[in-house]
Amino acid sequence: QVQLVESGGGLVQAGGSLKLSCAASELTSSRYTMGWFRQAPGKERESVAAISRSSSTTFYADSVKGRFTISRDNAKNTVYLQMNSLKPEDTAVYYCAAGILFSTWDQRRQYDYWGQGTQVTVSS
């Protein structure tokens, strides 16, 4: 029903910026809450940010608050994650996810669909 493809990852120096994109292959993406998660090697996947269906509400993990911004363009079936002031600890594979709820934005169980991930590496 929904397929997600992340892009925009890469290598950046600490303090730099990067913008990730998550494109949905179908036109139903506007019906879903969208979230970004990340997972570093050997660590559990953790929530980063989420945005409601209408873009009226956003939430961020404390570790990225003030540095990252999530947004979406439903007309383009795309969600973005603008990452500024990047730190080495931001290094991870970043995943886009879609789900039907929003109140549990930071919980993996909320999300039904996941992208393949895109690598973000921040050098010090």
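Because only heavy atoms are used, hydrogens play no part in the values below, and waters and symmetry mates are left out as well, while side chains stay in.
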Problem set entry | Where Cys22 and Leu4 come nearest, the two heavy atoms and their spacing | SG-CB, 3.8 Å
For this session: Check for a donor-acceptor pair, side chain of Arg72 on one end and backbone N or O of Ser54 on the other, with a separation under 3.5 Å.
Result: no
Problem set entry | Distance (rounded to the nearest 0.5 Å) between Thr118 OG1 and Leu81 CG | 11.0 Å
Seminar exercise, completed: Rounded to the nearest 0.5 Å, the CD1 atom of Ile100 sits from the CZ atom of Arg53 at a distance of 8.5 Å
Problem set entry | Heavy-atom pair with the smallest gap, counting every atom of Lys43 and Gln39 | O-NE2, 3.0 Å
For this session: State, with a plain yes or no, whether a side-chain heavy atom of Ser47 is found less than 4.5 Å away from one of Gln110.
Result: no
Problem set entry | Same apolar cluster: Leu20 and Val12, side chain cutoff 4.5 Å | yes
Exercise. What distance separates Leu86 CG from Arg67 CZ, expressed to the nearest 0.5 Å?
Worked result: 6.5 Å
Exercise. Which distance, rounded to the nearest 0.5 Å, do you find between the CD of Gln119 and the CG of Leu11?
Worked result: 9.5 Å
Exercise. Can we say Lys87 and Asp90 salt-bridge, meaning some charged N sits less than 4.0 Å from an Asp/Glu carboxylate O?
Worked result: no
Exercise. Sub-3.5 Å donor-acceptor pair from the side chain of Thr58 to the main-chain atoms of Ile51, do we have one?
Worked result: no
Exercise. Distance from Phe68 atom CZ to Trp36 atom CH2, nearest 0.5 Å?
Worked result: 11.0 Å
For this session: Kindly compute the distance separating CZ (Arg38) from CZ (Arg45), expressed to the nearest 0.5 Å.
Result: 13.0 Å
For this session: Using atom types as modelled and distance alone, determine if a side-chain donor or acceptor of Tyr111 lies under 3.5 Å from a backbone N or O of Met34.
Result: no
Exercise. Does the gap between the ring centers of Trp114 and Phe37 come in under 6.0 Å?
Worked result: yes
For this session: Compare every heavy atom of Ser71 with every heavy atom of Val79, then report the nearest pair and how far apart it is.
Result: CG2-O, 3.0 Å
Exercise. What's the shortest heavy-atom distance between Ser124 and Ala14, and which atoms?
Worked result: CA-CB, 4.3 Å
Exercise. Counting distance only, does the side-chain N/O of Glu6 pair as donor-acceptor with the main-chain N or O of Gly117 below 3.5 Å?
Worked result: yes
Seminar exercise, completed: Tyr94 meets the ring pair (Phe, Tyr, Trp, His ring centres under 6.0 Å) criterion, sequence neighbours left out, with none
For this session: Using atom types as modelled and distance alone, determine if a side-chain donor or acceptor of Tyr60 lies under 3.5 Å from a backbone N or O of Ile70.
Result: yes
For this session: Output yes when a side-chain donor or acceptor of Thr33 lies under 3.5 Å from a complementary backbone atom of Leu101, and no otherwise.
Result: yes
Exercise. Under 3.5 Å, is there a donor-acceptor pair linking the side chains of Thr69 and Gln82?
Worked result: no
For this session: With side chain to side chain contact (heavy atoms under 4.5 Å, CB included) as the test, would you mind laying out the steps for Met83 and Val122 before giving the verdict?
Result: CA-CA 11 Å; Met83 305 184 294; Val122 184; over 6 Å; no
Exercise. If you look at every heavy atom in Ser17 and Asn84, which pair is closest and at what distance?
Worked result: OG-OD1, 2.9 Å
For this session: Check Asp73 against Tyr80 and note the closest heavy-atom contact, atom names and distance.
Result: CB-CE1, 4.2 Å
For this session: Establish whether Tyr95 and Phe59 are linked, either directly or via other cluster members, by ILVMFWY side-chain heavy-atom contacts under 4.5 Å.
Result: yes
Exercise. Can any side-chain N or O of Ser52 pair as donor or acceptor with the backbone N or O of Thr57 at less than 3.5 Å?
Worked result: yes
